[in-house]
Amino acid sequence: EDNAAGLRPESIEVTLLANGEEVGTATITPDADGEWAYTFTGLDMYKDGEEIAYTVTEKAVEGYLPAVIEGSAAEGYTIINEQSTGLTVTKTVEGGDPARAFSFTFRLTDPEGSEATGSYPCTIVDAAGETVKTGELTSGDTFTLRGGDKLTVTGLATGWKYQVEETGVLEYTTTVNGAEGTLAQGELIMSGNEAAFVNTLKTVRFTVTKQWIGGSGPIELTLYAGNV
């Protein structure tokens, strides 16, 4: 939308293919009216008595999904770039073992409800900002986070729907974005897609009273957990 996010590059690189083989490249920049266009000229129409099939590809543009290319050599090609978005999953653990790993499942569907088949770059960093792991996620994959960790998935399309579900842990109460539960879900928007999971260790409290029947004095109590 008129480069509102400021991600649009100053130029793009397009490759011209003839029967699948590279025969030229062009660096395209916007003109004074903001139009992006380039015309390849002087191209041979035939090779070995057969009409040449010309196609184009575009070099990947950072911050955008892979280009959708429509049209034909006769009519001209239109290259469509859609800005990508991301999803952040954070983990906070209150009480218990801070090094404990918690398991999550990631799912992604398109606007029609079909499960995504692509792979999406992801990075996990710890509380100190150090990279713990890099890789790719596909819909249905699982990953683990520890307290203070943050997972970021990139290359996602707006309008698609995501689910991130934590495997429940009996010893903890879990909230997602402030609401009790283990499932984060929603429709991806241009920015601000975040699932904040907080696990709070469950505790109990009870009172022991002592009744004296004749006499009084200090007593010693021993607390047992289970059979220990």
Side-chain angles (χ1 to χ4, degrees), residues 1-18 20 22-40 53-90 104-125 131 133-141 143 150-165 177 183-196:
E1 301 298 328
D2 198 26
N3 198 27
L7 294 178
R8 191 172 298 170
E10 295 181 356
S11 64
I12 62 170
E13 185 175 314
V14 174
T15 299
L16 176 66
L17 306 174
E22 181 179 333
V23 294
T25 60
T27 299
I28 304 175
T29 58
D31 61 20
D33 296 322
E35 298 294 326
W36 297 66
Y38 182 86
T39 301
F40 290 95
Y54 287 101
T55 55
V56 295
T57 62
E58 181 192 39
K59 183 179 180 181
V61 179
E62 185 177 358
Y64 287 80
L65 300 174
V68 175
I69 301 177
E70 299 177 345
S72 66
E75 300 172 351
Y77 287 104
T78 298
I79 301 174
I80 303 171
N81 294 92
E82 180 183 352
Q83 188 176 330
S84 64
T85 188
L87 171 67
T88 299
V89 182
T90 60
F104 299 81
T105 301
F106 169 75
R107 294 198 179 280
L108 184 68
T109 56
D110 66 20
E112 286 72 43
S114 299
E115 188 164 22
T117 58
S119 298
Y120 305 92
C122 66
T123 303
I124 298 176
V125 299
T131 300
K133 185 178 181 180
T134 60
E136 293 184 331
L137 275 181
T138 59
S139 185
D141 281 352
F143 61 92
K150 178 173 70 173
L151 168 81
T152 302
V153 188
T154 58
L156 305 176
T158 57
W160 289 45
K161 295 180 180 180
Y162 70 90
Q163 287 187 346
V164 179
E165 186 168 17
N177 295 335
L183 176 65
Q185 59 184 339
E187 182 174 308
L188 292 165
I189 57 177
M190 192 57 68
S191 62
N193 302 301
E194 182 173 353

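We're numbering straight along the sequence, starting at 1. Here the structure is a predicted model, which is why all the values come from computation and not from measurement.
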Quick one: are [X] and [Y] in side-chain contact, heavy atoms under 4.5 Å?
{"X": "Leu188", "Y": "Leu108", "value": "yes"}
{"X": "Leu87", "Y": "Leu156", "value": "yes"}
{"X": "Lys150", "Y": "Val89", "value": "no"}
{"X": "Arg8", "Y": "Val61", "value": "no"}

### Query
Can you name the residues that form a ring-ring contact (aromatic ring centres under 6.0 Å, His included) with Phe143, not counting sequence neighbours?
Phe104
### Task
List in chain and number order the residues that pass ring-ring contact (aromatic ring centres under 6.0 Å, His included) with Tyr38, two or more places apart in sequence or in another chain; answer none if no residue qualifies.
Phe40
With sequence neighbours left out, write down each residue that passes side-chain hydrogen bond (donor to acceptor under 3.5 Å, both in side chains) with [X], or none if nothing qualifies.
{"X": "Gln185", "answer": "Gln163"}
{"X": "Glu58", "answer": "Asn81"}
{"X": "Asn177", "answer": "none"}
{"X": "Thr109", "answer": "none"}

### Task
Rounded to the nearest 0.5 Å, what's the gap from CZ on Phe106 to CG on Leu137? Could you check?
6.0 Å
#### Entry: Pairwise distance CD(Glu194) to OG1(Thr152) - rounded to 0.5 angstrom
9.0 Å
### Task
Only pairs at least two apart or in different chains count here, so list each salt bridge (charged side-chain N to carboxylate O under 4.0 Å, His left out) that has a residue in residues 22-33.
none
What pair of heavy atoms forms the shortest contact from [X] to [Y], and how long is it?
{"X": "Thr85", "Y": "Ala157", "value": "CG2-C, 4.2 Å"}
{"X": "Leu65", "Y": "Gly155", "value": "CD2-O, 3.3 Å"}
{"X": "Gly86", "Y": "Asn193", "value": "O-ND2, 3.0 Å"}

### Task
List the steps and the verdict of side-chain contact (heavy atoms from CB on, under 4.5 Å) for Tyr54 and Leu17.
CA-CA 6 Å; Tyr54 287 101; Leu17 306 174; over 6 Å; no
### Query
Who are the salt bridge (charged side-chain N to carboxylate O under 4.0 Å, His left out) partners of Glu136, not counting sequence neighbours?
none
Checking [X] now: which residues fulfil side-chain contact (heavy atoms from CB on, under 4.5 Å) with it, not counting sequence neighbours?
{"X": "Ser72", "value": "Ala74, Glu75"}
{"X": "Ala53", "value": "Asn19"}
{"X": "Thr134", "value": "Thr123, Thr131"}
{"X": "Thr105", "value": "Arg107, Thr142"}

### Query
Checking side-chain contact (heavy atoms from CB on, under 4.5 Å) for the pair Thr138/Tyr120: CA distance, chi angles, key distance, verdict?
CA-CA 6 Å; Thr138 59; Tyr120 305 92; 5.9 Å; no
### Test side chain to side chain contact (heavy atoms under 4.5 Å, CB included) applied to Val14 and Ile28, Thr57, Ile69, Thr25, the passing residue
Ile28
#### Entry: side chain to side chain donor-acceptor pair (under 3.5 Å) assessment of Ser139 paired with Glu115
CA-CA 7 Å; Ser139 185; Glu115 188 164 22; 2.6 Å; yes
### Query
So Ser84 and Thr154, side-chain contact (heavy atoms from CB on, under 4.5 Å) or not? Walk me through it.
CA-CA 7 Å; Ser84 64; Thr154 58; over 6 Å; no
### Message
Does Leu151 form a side-chain contact (heavy atoms from CB on, under 4.5 Å) with Thr88? I'd like the steps, not just the answer.
### Response
CA-CA 6 Å; Leu151 168 81; Thr88 299; over 6 Å; no
